[in-house]
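Beneath this line is the structure, given in structure tokens, with notes to follow.
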Amino acid sequence: MSVQENEVLVKITSAGTISIPKQFRKFMDIQKGEYVKMILGKDRLIVRKVMIS
């Protein structure tokens, strides 16, 4: 199995959480503990930064 430069394997914990890798958090300008919105498409998963107030 090959992984492209913009891909990374992410492990889902038994609690159902994921850790977004540091290079993606830096690119999206988010830190641990912040929220993201995940949108499931037919053949893709979209992750967007959200602000909860």
Side-chain angles (χ1 to χ4, degrees):
M1 174 172 52
S2 69
V3 177
Q4 294 179 3
E5 185 176 315
N6 61 342
E7 296 178 344
V8 67
L9 295 175
V10 177
K11 184 176 183 179
I12 300 173
T13 68
S14 59
T17 62
I18 64 168
S19 292
I20 298 175
K22 185 185 282 186
Q23 67 267 32
F24 291 127
R25 290 194 318 263
K26 185 176 179 179
F27 177 77
M28 295 176 69
D29 191 32
I30 60 174
Q31 298 178 11
K32 283 186 176 183
E34 293 185 315
Y35 289 90
V36 294
K37 180 190 288 186
M38 299 183 77
I39 304 162
L40 182 61
K42 184 176 181 180
D43 63 349
R44 64 187 55 116
L45 181 66
I46 301 168
V47 179
R48 290 189 177 156
K49 180 179 176 179
V50 295
M51 298 293 288
I52 297 178
S53 57

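All values reported here derive from a predicted model rather than from experimental measurement. Computed over heavy atoms, backbone and side chain alike; hydrogens, waters and symmetry mates excluded.
- Shown here are the salt bridge (Lys or Arg N to Asp or Glu O under 4.0 Å) partners of Asp43, two or more places apart in sequence or in another chain: there are none.
- At a threshold of 4.5 Å between side-chain heavy atoms, the hydrophobic network of Ile, Leu, Val, Met, Phe, Trp and Tyr places Leu40 and Ile12 in one connected group.
- Linking Ile, Leu, Val, Met, Phe, Trp and Tyr whenever their side-chain heavy atoms come within less than 4.5 Å leaves Ile18 and Val50 in two separate clusters.
- Annotation: the span from Ile20 atom CD1 to Met28 atom CE amounts to 5.5 Å, rounded to 0.5 Å.
- Identified under the salt bridge (charged side-chain N to carboxylate O under 4.0 Å, His left out) test for residues 28-41, with sequence neighbours left out: Asp29-Lys49.
- Closest non-hydrogen pair, Val10 versus Ser19, comes out as CG1-O, 3.6 Å.
- Under the side chain to side chain contact (heavy atoms under 4.5 Å, CB included) criterion, Ile46 pairs with Ile39, Arg44, Arg48, not counting sequence neighbours.
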